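Have a look at the structure below, then the notes.
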Amino acid sequence: MKRQGIRFTGIVQGVGFRPLIAVVARELGLTGFVYNDDAGVYVEVQGTEKALAKFVDAVKERKGPIARIDSVKAYEIPLKEDSLFVIAPSPAGKQPATFIGADTAPCKACRRELHDPMNRRFHYGFINCTHCGPRYTIVETVPYDRKFTSMKEFALCPACKNEYESEDNRRYHAEPNACPVCGPQYTLYEVNIEKLEPTSKDLDPLTLGRDYVMTGHIIAFKGVGGYHLVCDATNEKAIMTLRERKQRPHKPLAVMVDSLATAKEIAHITPEEEALLQSPARPIVLVPQRSDAKVAWQAVAPNNHYVGIMLPYAPVHEVWLPAGAVWVMTSGNRSGEPVIFKDEEAISQLKHVADYFLVHNRRIVASVDDSVVQVVKGETLQVRRSRGYVPTSFKVRSPNEGKKTILAMGGDLKNAFAMNRDEAVLMGPHIGDLANMAMNDSLVWTIDRYKDLFGLTPEAVVADYHPQYFSSQYGKTYSEEHNVPYIQVQHHHAHVAAVMAEYGLDSEPVLGICFDGTGYGLDGTIWGGEFLLCQGHSMQRLAHIHTAPLPGGEAAVKEPWRQALWYVSDKFGDDTPAWLEPWFNQLPDNWELLDFMMKNNMPMVDASSAGRLFDAVGCLLGLGNEHTFDGQIAMSLEQLAYGERGKIKEFIFDGKILDFKPLVQDIIGHLGDGISKRVLAASFHRTLAYGITETMEHLCTQYNIKQVILCGGVFQNRRLIEEMMSINHDQVMLLPRQVPPNDGGLALGQLWLGHQKLADL
């Protein structure tokens, strides 16, 4: 007989792990105990050497679908006198040190019960078990026990209590366990002259809310991680009313459908996209629309061939949406504001947007936005990593095994921070653009939550090189207040490093092709179309696209017509042809003043920015003069090229600068001769792909590089990626998979480089 103490770490709490261990131990005739604590799950097992040898392998083989074992440490300890194997209560802990899983969609067993008229949880919108349901959004601290979640406010009824305490039950210690008798409930409120009034208690709130959506009303709906604004996606008037009230005139809106069958009726869906739609994370998946679908496409996604679709990811969605439903389900907040998850804020901010509020009485502890993904060439590309993925950790190889915890701040656009415990990376949820105090406060609050929830004390802070970023300023302040090192990392280097970290490229040289909007360069200029030689934590700028000024500085980022005007002036000077007059007529009234100032040596900052190049060309092709959301005109340019082949136009590469000005001048020259703007947009993408690839091959040959990384927000452009991958070349091109190529993945690169730099100190 022998006895072992065994420590399991990973996502091992709230996922049916202790019951599984008890079942396996008893089957093998072992005695001892198991409990959750602040470091994971601790087990003591006693029995024959043969039985002990089978124990860990059996647990690994039979663990639940959302459980994840990161490490197992077993050691021999003295024998004890026990005759049973028991699940023991969690001891009081000091510092939490375990992981919490992401919120996941209902498992198959729960869905069967949800739709079974004979089951006591028939159509109960909060059904869950240890294999599914809310986690991050309800937990206050660890260990993950009911008393540390927002479910502590709901006392279990006898039937639920029996399930919760029965070790052979699927709901043994399922912390959100509840039923219609004892659990959370929905109430429907009508917005009536600045206040909310509950509808009749005799009418089912979900049924009544469904009727209101289907008759053209807008519902503020409280879900898993915050509020959504909901309306019927086949009702153009309802959608346009929502856009007007939410002040979101053009940005595409996500839709939720009742089933995969409905999704296939309104969009073209590949097997890879189908798998993502049905995965436990249930992200929004960007897929091509079916033009003949009975959806108000121009209202849902203006001038776009794609739509973001998600399947029900909470039980209440399955109950609420009728058969064949296609409903707009967009984040319940005003543009540029954080996701609303507190009831008081929702009432205050959304009562002028929604006609009704469908609200449950379970407190949301932390908000989390919907995740967005797309499939390019059969591979999943993250666009926004949040609900369903956060805070699930993933492992990257780091110097000194990542023994020091680092806080990586990310950037000011699409902010998502990161921290680590050893080599496990914990990415924060999508925060958004840090453009106001509310967003800044959301970032600080969420960082503090991560520190408390995971028991992390940062020993260094890494931030972007940009001195005016809020994220950089807060990171510097934090480092000073806590007396820890403050490390700055160049923006595009961090983008490349994020992919290096993911693929474990810590020793060999790589060519990082980073194309995005703007980032603060090491030389004090604006970068954004970079070819970087990266190895370890070193970076050398080998080449970049041509520079073009930003007339008016930051104003030119929001108003691309300014740079487009510069390109026209650069080509024609004072002799602009008459056929360009229609283009000038669609510019703002002050264009002539700006033109005069540019021609009289107005000081301007140059930028080697691919994002700004897309914007300027989009403006030249009549896709808009200014953005109402980030990336709007570049997105429209990609959509304009949809279905067209285009031609390879002129570009110049001199070994250092990849000059696309001849391409822009060619496009300007064709604006008056009747060539389709769709063809010009396709030619732009195709030429860009060939220019980038030719430069890549030249630099890889010159510096003996085999691996190439594509990163930065421009490489969310499906058309550009597909064009590049269709060109024959010898290099391996890598895109990020764990994090987005945009600034939402920046913190991973900062974190990885921070560890590299700390190791050298």
Side-chain angles (χ1 to χ4, degrees), residues 102-103 136-137 213 218-233 238-239 241-257 281-286 299-301 307-314 316-317 320 327-360 364 366-373 382-390 413-416 428-436 438-439 441-443 445-446 628-632 740 742 744:
D103 301 66
Y136 174 74
T137 54
V213 172
I218 298 167
I219 305 282
F221 172 75
K222 184 180 179 182
V224 173
Y227 276 78
H228 279 102
L229 291 166
V230 184
C231 69
D232 181 6
I239 301 168
T241 300
L242 171 59
R243 285 191 176 280
E244 181 181 354
R245 292 179 185 176
K246 193 184 175 184
Q247 300 173 25
R248 186 174 173 174
H250 304 114
K251 191 174 183 179
L253 302 169
V255 301
M256 179 178 282
V257 295
R282 296 287 167 91
I284 296 169
V285 183
L286 302 178
V300 170
V307 61
I309 294 180
M310 56 182 157
L311 292 181
Y313 61 80
V316 66
H317 295 143
W320 191 30
W327 285 3
V328 167
M329 196 162 290
T330 187
S331 55
N333 60 323
R334 292 188 181 276
S335 292
E337 296 286 331
V339 174
I340 296 172
F341 66 102
K342 295 180 179 178
D343 298 335
E344 318 83 66
E345 290 182 25
I347 294 168
S348 171
Q349 296 188 36
L350 300 181
K351 64 185 178 183
H352 304 301
V353 180
D355 302 311
Y356 296 88
F357 279 67
L358 188 55
V359 180
H360 63 72
I364 299 173
S367 67
V368 64
D369 211 342
D370 293 320
S371 295
V372 182
V373 302
Q382 297 267 353
V383 177
R384 186 168 71 203
R385 186 181 189 272
S386 210
R387 177 191 52 75
Y389 299 99
V390 169
L413 295 178
K414 299 178 176 61
N415 179 270
H430 170 80
I431 302 292
D433 296 351
L434 305 181
N436 54 54
M439 299 300 284
D441 290 346
S442 178
L443 169 62
W445 183 90
T446 310
T628 61
F629 65 91
D630 182 49
Q632 176 185 354
N742 60 43

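In this text, all values refer to a predicted model and were calculated from it rather than measured experimentally. Here, residue 1 is the first one in the sequence, and each next residue gets the next number.
Side-chain N or O atoms of Ser371 include none that pairs as donor or acceptor with a backbone N or O of Arg385 at under 3.5 Å. Asp433 places a side-chain N or O within donor-acceptor distance of the main-chain N or O of Lys414, the cut-off being under 3.5 Å. Panel note: side chain Asp355, backbone Ile218; a donor-acceptor pair is recorded below 3.5 Å. The main-chain N or O of Ser442 is found under 3.5 Å from a side-chain atom of Thr446 such that the two form a donor-acceptor pair.
Taking both residues in full, the closest heavy atoms of Ala314 and Val224 are given as CB-CG2, 3.7 Å, listed atom of the first, atom of the second, then distance. Nearest approach of Gly388 to Ala281, heavy atoms of both residues: O-CB, 3.6 Å. Minimum heavy-atom separation, Gly332 to Leu229: CA-CG, 3.9 Å. The two residues Arg248 and Arg243 come nearest to each other via the heavy atoms O-NH1, 2.8 Å.
For the pair Val328/Leu242, a side-chain contact is recorded, criterion being any heavy-atom separation below 4.5 Å from C-beta on. Considering only heavy atoms from C-beta on, Cys231 comes within 4.5 Å of Ile239 through its side chain. Side-chain contact between Asp103 and Tyr313: absent, with no pair of heavy atoms (C-beta onward) separated by less than 4.5 Å. Put simply, the side chain of Tyr389 reaches to within 4.5 Å of the side chain of Gln382, judged on heavy atoms. Taking 4.5 Å as the limit, every side-chain heavy atom of Ile364 sits out of range of all side-chain heavy atoms of Lys342. Side chains of Pro429 and Tyr136 form a contact here, defined as non-hydrogen atoms less than 4.5 Å apart. Proximity of Val213 to Trp327: side-chain heavy atoms (C-beta onward) are separated by under 4.5 Å at one or more points. Side-chain contact between Lys251 and Gln632 is absent, with no heavy atoms from C-beta onward closer than 4.5 Å.
Here the CG atom belonging to Leu413 is positioned 8.0 Å from the CG atom belonging to Leu434, to the nearest 0.5 angstrom. In this structure, OG in Ser367 is found 10.5 Å from NE2 in His430, a value given to the nearest 0.5 Å.
Ring orientation note: the planes of Trp320 and Phe221 are close to parallel, at an angle under 30° on the 30°/60° scale.
A salt bridge between Lys222 and Asp343 is present, with a side-chain N of the basic residue lying under 4.0 Å from a carboxylate O of the acidic one.
A 6.0 Å sphere centred on NZ of Lys351 holds more than 12 heavy atoms belonging to other residues, nucleotides or ligands.
Checked against Ser386 for a side-chain contact (heavy atoms from CB on, under 4.5 Å), the options Asp369, Asp370, Ile431 give a single hit: Asp369. Partner of Val383 under the side-chain contact (heavy atoms from CB on, under 4.5 Å) criterion, out of Ile284, Val372, Val285: Val372 alone.
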Using side chain to side chain contact (heavy atoms under 4.5 Å, CB included), reason through Met256 and His317 one step at a time and then give a plain yes or no. CA-CA 9 Å; Met256 179 178 282; His317 295 143; 3.5 Å; yes
